[in-house]
Amino acid sequence: MSYQPESRPWGLSALSAAYFLFLILTMSSYGAPFPLWGRFYNGSAAQWLVFADSMISLYLWLGVLKRQQLTVWLIIGYNLFDILNACVNLARISASEYARFAESAISEDDLRLNTLVAAVLLMLLNLYVFRNRRHFYNRSLYLF
């Protein structure tokens, strides 16, 4: 028999809200240049990358809502991929190139600080998900 608590822990509600926000932020970047592995993608390539990222974010959000066990490992893997991608982008894309696409000045220090803060937050999120994986009791591989 699987463990199924009667009410949703507050942390899972906050986690689902965070991944819903990530989904909205990803979808809102449709049409903008997409940085991946130290290179900016434009046009249809960027649109396809944003679409794929949106579908992954949607899956993660629904997986948290349905407490799917697979979602725990997908969140951890996705966050680690995002941290690695941000570090590669930081190393290979200059602040001036980011500023050109953002159409505003961005200092190198601010870019480093923002990347560091985002990486720390994603690692804390991974730690929370891993430590609370017992709340993800749905063993189904499918969301529906």
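All residue numbers in this chain count up from 1 along the given sequence. Computed from a predicted model, the values in this text were never measured in an experiment.
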Student check: side-chain heavy atoms of Leu65 and Phe20 closer than 4.5 Å =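 They are not in side-chain contact.
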
Close side-chain approach of Leu121 and Leu125, heavy atoms under 4.5 Å =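 Leu121 vs Leu125: side chains apart.
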
Do [X] and [Y] sit in one hydrophobic cluster, given that two such residues count as connected whenever their side-chain heavy atoms are within less than 4.5 Å of each other, even indirectly?
{"X": "Phe22", "Y": "Phe51", "result": "yes"}
{"X": "Leu124", "Y": "Trp10", "result": "no"}
{"X": "Leu113", "Y": "Leu111", "result": "no"}
{"X": "Leu122", "Y": "Leu80", "result": "yes"}
{"X": "Leu60", "Y": "Leu21", "result": "no"}

How long is the straight-line distance from [atom2] of [Y] back to [atom1] of [X], given to the nearest 0.5 Å?
{"X": "Arg139", "Y": "Arg67", "atom1": "CZ", "atom2": "CZ", "result": "15.0 Å"}
{"X": "Cys87", "Y": "Asp82", "atom1": "SG", "atom2": "CG", "result": "10.0 Å"}
{"X": "Asn126", "Y": "Asn79", "atom1": "CG", "atom2": "CG", "result": "4.5 Å"}
{"X": "Asn114", "Y": "Ser107", "atom1": "CG", "atom2": "OG", "result": "8.5 Å"}
{"X": "Glu108", "Y": "Ser96", "atom1": "CD", "atom2": "OG", "result": "8.5 Å"}
{"X": "Arg133", "Y": "Ile75", "atom1": "CZ", "atom2": "CD1", "result": "13.5 Å"}

task = Determine the interplanar angle of the Trp73 and Phe130 rings, folded into 0 to 90°, and report it as parallel if under 30°, tilted if 30 to 60°, perpendicular if over 60°.
result =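 If you compare the ring of Trp73 with that of Phe130, the planes turn out perpendicular.
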
ask   = If you group Ile, Leu, Val, Met, Phe, Trp and Tyr whenever their side-chain heavy atoms sit less than 4.5 Å apart, what else falls in with Phe34?
value =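 Besides Phe34, the hydrophobic cluster comprises Tyr30, Leu36, Trp37, Tyr41, Leu49, Val50, Phe81, Leu84, Val88, listed by chain and residue number.
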
Identify the heavy atoms of [X] and [Y] that sit nearest to each other, and give their distance.
{"X": "Ser104", "Y": "Ala99", "result": "O-CB, 3.1 Å"}
{"X": "Arg134", "Y": "Arg131", "result": "NH1-O, 3.4 Å"}
{"X": "Pro35", "Y": "Ile93", "result": "CB-CD1, 4.2 Å"}
{"X": "Ala32", "Y": "Ala46", "result": "O-CB, 3.6 Å"}
{"X": "Asn138", "Y": "Ser140", "result": "OD1-N, 3.0 Å"}

ask   = Do Asp110 side-chain atoms and Ile106 backbone N/O form a donor-acceptor pair below 3.5 Å?
value =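 Absent.
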
request  = Among residues two or more places apart or on two chains, list those pairs meeting side-chain hydrogen bond (donor to acceptor under 3.5 Å, both in side chains) that have a residue in residues 44-65.
outcome  =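 Found Asp53-Tyr78, Tyr59-Gln68.
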
query = Are Met123 and Ile83 close enough, and set up right, to give a side-chain contact (heavy atoms from CB on, under 4.5 Å), and what steps lead you there?
reply = CA-CA 9 Å; Met123 288 306 293; Ile83 291 168; 3.5 Å; yes

request  = Apply side-chain contact (heavy atoms from CB on, under 4.5 Å) to the pair Leu12 and Phe136, showing each step before the final yes or no.
outcome  = CA-CA 9 Å; Leu12 286 187; Phe136 292 84; 3.6 Å; yes

